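Report on the structure given below.
Throughout, numbering of the chain's residues begins at 1 and tracks the sequence. Everything numeric in this text was worked out from a predicted model, so none of it was measured.
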Amino acid sequence: MLIDNIIKSPIFAELKFDEIETIASFSNYMVLDDNHLLISEDDDDDHAIYLLAKGSLEIVSSKDANISSEVVISHQEKDLFGEIAWITREKRTASVKTHGPSDVVRINGDKLDEFILSNPKAGCVILRNVSRSLCERIKGNNILIKQILWNY
């Protein structure tokens, strides 16, 4: 189940099976109940990244009163999360909790860094895929901003 979810993630597309097995060795599959707090906003101790295998999540940011405090993200909309703190090594920008029973793959960020450094070809693929995922989100956000401005 763990390896299947890593293989299915577009972040690890194009990797060889032995590379997927290595990533699985520093990952774990978690079956979580409703309302389980997975990431705390402002946490800077853990740089893990997560794949949502099943269920949905609430991403909550309490820092800015000008934005909605809760956004529900489903598996189809976003299967990778926690990647910003992994990339920047800064504090988490939001809290993440389960919205109903959910299955999540946790990938140790420090071990993933080591893997990328010791496997530069695979690392390049992973970083390109993470970048592609972030670009898709930016494109989606740009569309929303245009719609908001158009209706303003």
Step by step, work out the side chain to side chain contact (heavy atoms under 4.5 Å, CB included) result for L38 and M30.
CA-CA 10 Å; L38 199 56; M30 302 168 20; 3.3 Å; yes

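- Here the side chain of T88 pairs a donor or acceptor atom with the backbone of I84 at under 3.5 angstrom.
- In this structure, the separation between CD1 on I7 and CD1 on I20 is 5.5 Å, given to the nearest 0.5 Å.
- Contact between L15 and A122 at its shortest, heavy atoms only, is CD2-CB, 3.6 Å.
- Remark: F12 pairs with no residue by the ring pair (Phe, Tyr, Trp, His ring centres under 6.0 Å) rule, at least two apart or across chains.
- Residues satisfying the salt bridge (charged side-chain N to carboxylate O under 4.0 Å, His left out) test with D43, not counting sequence neighbours, are none.
- Annotation: salt bridge (Lys or Arg N to Asp or Glu O under 4.0 Å) contacts involving residues 2-13, sequence neighbours excluded, are absent.
- Under the salt bridge (charged side-chain N to carboxylate O under 4.0 Å, His left out) criterion, K146 pairs with no residue at all, not counting sequence neighbours.
- Sorted by first and then second residue, the salt bridge (Lys or Arg N to Asp or Glu O under 4.0 Å) pairs with a member in residues 106-117 read D46-R106, R89-D110, R89-D113; sequence neighbours excluded.
- With sequence neighbours excluded, the residues satisfying side-chain contact (heavy atoms from CB on, under 4.5 Å) with I116 are W86, L112, I126, L127.
- I138 and I87 are not part of a single hydrophobic cluster, where members link through side-chain heavy atoms under 4.5 Å apart.
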Decide side chain to side chain contact (heavy atoms under 4.5 Å, CB included) for L37 and S95; before the verdict, give the C-alpha distance in whole Å, the side-chain angles of both, and the deciding distance to 0.1 Å.
CA-CA 7 Å; L37 183 64; S95 295; 4.1 Å; yes

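- No donor-acceptor distance shorter than 3.5 angstrom exists from the side chain of D42 to the backbone of K91, with no hydrogens or angles considered.
- Annotation: side chain to side chain donor-acceptor pair (under 3.5 Å) contacts of N108 (sequence neighbours excluded): none.
- In this structure, CG in N119 is found 9.5 Å from NZ in K16, a value given to the nearest 0.5 Å.
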Under the side chain to side chain contact (heavy atoms under 4.5 Å, CB included) rule, what do S9 and L80 come out as? Steps first, then yes or no, please.
CA-CA 8 Å; S9 173; L80 175 71; 5.8 Å; no

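- T22 places a side-chain N or O within donor-acceptor distance of the main-chain N or O of D18, the cut-off being under 3.5 Å.
- V104 places none of its side-chain heavy atoms less than 4.5 Å from the side chain of L51.
- The shortest heavy-atom contact between I11 and S133 is CD1-CB, 4.0 Å.
- Other cluster members for I145: L149, joined by side-chain heavy-atom distances under 4.5 Å among Ile, Leu, Val, Met, Phe, Trp and Tyr.
- Formation of a donor-acceptor pair under 3.5 Å by the S102 side chain with backbone atoms of S56 is found in this model.
- Residues D103 and L32 have side chains not in contact (no heavy-atom distance under 4.5 Å, counting atoms from C-beta outward).
- With a 4.5 Å cut-off on side-chain heavy atoms, L2 and N28 do not count as touching.
- Here the shortest heavy-atom pairing between I59 and A94 reads CG2-CB, 3.7 Å.
- Of all non-hydrogen atoms in S27 and V105, the two that sit nearest each other are CB-CG1, 4.2 Å.
- Side-chain contact between E83 and L134: present, with at least one pair of heavy atoms (C-beta onward) separated by less than 4.5 Å.
- Screening residues 20-58 for ring pair (Phe, Tyr, Trp, His ring centres under 6.0 Å), with sequence neighbours left out, gives Y50-F81.
- Sequence neighbours left out, not one pair with a member in residues 19-37 passes salt bridge (Lys or Arg N to Asp or Glu O under 4.0 Å).
- Checked for salt-bridge contact, K97 and E58 meet the test: a charged N lies under 4.0 Å from a carboxylate O.
- Within the structure, ring pair (Phe, Tyr, Trp, His ring centres under 6.0 Å) pairs that include any residue of residues 116-151 do not occur (at least two apart or interchain).
- A distance of 4.5 Å separates CG of L52 from CG of L57, quoted to the nearest 0.5 Å.
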Check the pair Q147 / L144 against side chain to side chain contact (heavy atoms under 4.5 Å, CB included), numbers first and verdict last.
CA-CA 5 Å; Q147 289 173 344; L144 289 174; 3.8 Å; yes

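- Residues passing the salt bridge (charged side-chain N to carboxylate O under 4.0 Å, His left out) test with E14, sequence neighbours excluded: R128.
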